[in-house]
Number of protein chains: 2
Amino acid sequence: MTSTSRSARTRALLQDAALRLFSEQGYDATTVEQIAREAGVSHMTFFRHFPTKDAVVLEDGFDPAIAAAVATAPTELLPLVRVCAGLRAVLTHVDLPGQEEVRLRVRIAVEHPALRAGTYAATEATQKAIAEVLVADGVSPFEARVASAAALAAVTVAVLEWCLSDRDDPMSSQLSAALDVLDGTARR
Amino acid sequence: MTSTSRSARTRALLQDAALRLFSEQGYDATTVEQIAREAGVSHMTFFRHFPTKDAVVLEDGFDPAIAAAVATAPTELLPLVRVCAGLRAVLTHVDLPGQEEVRLRVRIAVEHPALRAGTYAATEATQKAIAEVLVADGVSPFEARVASAAALAAVTVAVLEWCLSDRDDPMSSQLSAALDVLDGTARR
DNA sequence: ATCCTAATGTTAGTGGCTAACATTAGAATA
DNA sequence: TATTCTAATGTTAGCCACTAACATTAGGAT
């Protein structure tokens, strides 16, 4: 009856237990042993599903696909502006589904230095992907990396801002505002 | 005779031993116990001088003072452009002294995910400082954070690029190029 | 010479994480 | 239904970063 594989179910059980325990007692106060017990498995099983304790919190999911959108943005734009255009295209679409779960995860992550750091590290993959798209279209590797790094940094600030606030408007509006700062649309 | 305090000397011994061992055998393969032994102290002493194993590598030093420079940059510029101007002012000065030691440390840091992450985390303080300067001059908190985050991300890319290459020209030229991407001077 | 305090040492832990090996669950096949 | 084969899990033992509590020393000030 359960259509999901055993592995996927265990993984979900672990993630649910972890997020619940983290928000109840805090990240540090929660032990992997505890999470595993709560999910009805051993601590080894935890580490077979998540490489580290951090990983349970740091799973963006919608990080890929961004590069693809950048690729379709007009080539004649300045690299930085083009990256912004690409980001805008994706981010305005992907907000409805797990917006609130993202908020929960980010709120947990913000509390803990190690998790904040992990968030930045997780962005690196996306940054690299975007840069590769630009390079493929003739932008210098260096400028490509600078532009994508700057744009993603801006996005990160926006996500943080939105997640830490209680606002009801979609995350996308916040993201849009952040990108405005970069590509000059906000010129007053 | 030794003018430096005992504490400072021990700290230096630990840092030297650590950097040497890290570059010889790698970060993971080097144990804190080993570093302490090499420096002639116990592992507890290590943790009294550095909060974590990472900290021996992640000490920028020239991270402060940046905010001050941003403060003196012309107020009428757009936030992002102004931050770039401030950064340019500082970074062209601070290159001669420990440029090569920075290179060594960054090279060690790049190898290890945890250290990469730590690098980003270390930047947060600087970002916050810059943002506060902008806010004090009337920029909205959100735009201030976005601008400083983006600019520092660009700087980080430049530092990485320079440290990983073998080029002889000063780091400042690389930094300048990165900032060009942001403030549009590079418009072709 | 004596004291006083900062710096260090010792010891005994906790918790994240791994390796090696044993075990089970459950789907496919007969 | 019985068998088998493999992925998923369990057990155990251990390494290492990091901490707490308490004992000790070193070295300057008095």
Side-chain angles (χ1 to χ4, degrees), chain A residues 1-19 21-22 24-59 108-109 111-119 121-122, chain B residues 1-19 21-22 24-59 108-109 111-119 121-122:
Chain A
M1 191 190 186
T2 63
S3 60
T4 55
S5 72
R6 180 156 72 127
S7 173
R9 214 186 58 237
T10 305
R11 188 193 153 90
L13 283 176
L14 283 168
Q15 189 147 20
D16 288 352
L19 290 183
L21 290 174
F22 286 164
E24 278 173 16
Q25 350 170 333
Y27 180 80
D28 281 332
T30 304
T31 200
V32 170
E33 187 65 46
Q34 221 177 335
I35 299 172
R37 194 165 44 234
E38 190 79 7
V41 297
S42 80
H43 82 279
M44 269 308 301
T45 294
F46 176 93
F47 286 112
R48 286 201 183 95
H49 285 277
F50 300 96
T52 62
K53 186 183 174 185
D54 314 3
V56 195
V57 184
L58 311 169
E59 304 269 292
I108 294 174
E111 298 300 322
H112 202 77
L115 293 176
R116 301 186 71 117
T119 303
Chain B
M1 189 184 188
T2 63
S3 60
T4 55
S5 72
R6 181 157 69 126
S7 172
R9 214 185 58 238
T10 305
R11 188 193 153 91
L13 283 175
L14 282 168
Q15 189 147 19
D16 289 351
L19 290 183
L21 289 174
F22 287 164
E24 279 173 17
Q25 350 170 331
Y27 180 80
D28 281 332
T30 304
T31 197
V32 170
E33 186 66 46
Q34 221 177 338
I35 299 172
R37 194 164 44 234
E38 190 79 6
V41 295
S42 81
H43 82 279
M44 270 308 300
T45 295
F46 176 92
F47 286 112
R48 287 201 183 94
H49 285 278
F50 300 96
T52 62
K53 186 183 176 185
D54 313 4
V56 195
V57 183
L58 310 168
E59 304 269 290
I108 294 173
E111 297 300 322
H112 202 78
L115 293 176
R116 301 186 72 117
T119 304

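Proximity note for B:F47 (side chain, C-beta onward) versus D:dA21, D:dA17, C:dG16: the nearest is D:dA17. For B:R48, taking side-chain heavy atoms from C-beta onward, the closest of the listed nucleotides C:dA7, D:dA21, D:dG10 is D:dA21. If you check C:dG16, D:dA20, C:dT8 against the side chain of A:T31, the one that comes closest is C:dG16. You'll find that the side chain of A:H43 is closest to C:dT18, out of D:dT9, C:dG9, C:dT18.
Partner of A:L14 under the side-chain contact (heavy atoms from CB on, under 4.5 Å) criterion, out of A:V32, A:V41, A:V56: A:V41 alone.
Distances shown here put a side-chain N or O of B:T45 below 4.0 Å from the OP1 or OP2 atom of C:dG9. Between B:T10 and C:dT8 there is a side-chain polar atom (N or O) within less than 4.0 angstrom of OP1 or OP2. Contact annotation: B:H49 side-chain N/O to C:dT8 OP1/OP2 distance is under 4.0 Å.
Straight-line distance from the CD atom of B:E33 to the C1' atom of D:dG14: 16 Å, rounded to whole Å. Following rounding to the nearest Å, B:R37 (CZ) and C:dG9 (P) show an atom-to-atom distance of 13 Å. Remark: P of C:dC17 and CG of B:D28 are 12 Å apart, rounded to the nearest angstrom. Atom CD in B:Q25 sits roughly 12 Å away from atom P in D:dC16 (whole-Å rounding). Whole-Å rounding puts the A:D54 CG to C:dG16 P distance at 10 Å. Per the geometry, CZ belonging to B:R11 stands 17 Å off C1' belonging to C:dT8, to the nearest Å. Taking atom NE2 on A:H112 and atom P on D:dC18, their separation rounds to 11 Å, with Å as the unit. Between the CZ atom of A:F46 and the P atom of C:dC17 there is a distance of 8 Å, given to the nearest Å.
Interface remark: the B:R6 side chain does not form any donor-acceptor pair with the D:dG28 base, using a distance-only criterion of under 3.5 Å.
Across all non-hydrogen atoms, the minimal contact from A:F47 to A:K53 is CE2-N, 4.4 Å. Between A:E38 and A:A17 the shortest heavy-atom distance is CG-CB, 3.8 Å. The nearest pair of heavy atoms linking B:A109 to B:L115 is O-CB, 3.4 Å. Across every non-hydrogen atom of A:P51 and A:A55, the tightest pair is CD-CB, 3.8 Å.
DNA chain C is contacted by both B:M44 and A:P51; B:M44 maps to the nucleotide lying nearer its 5′ end (nearest heavy atom per residue).
Using a 4.0 Å heavy-atom criterion, one finds that A:S42 contacts the bases of the nucleic acid, with or without backbone contacts as well.
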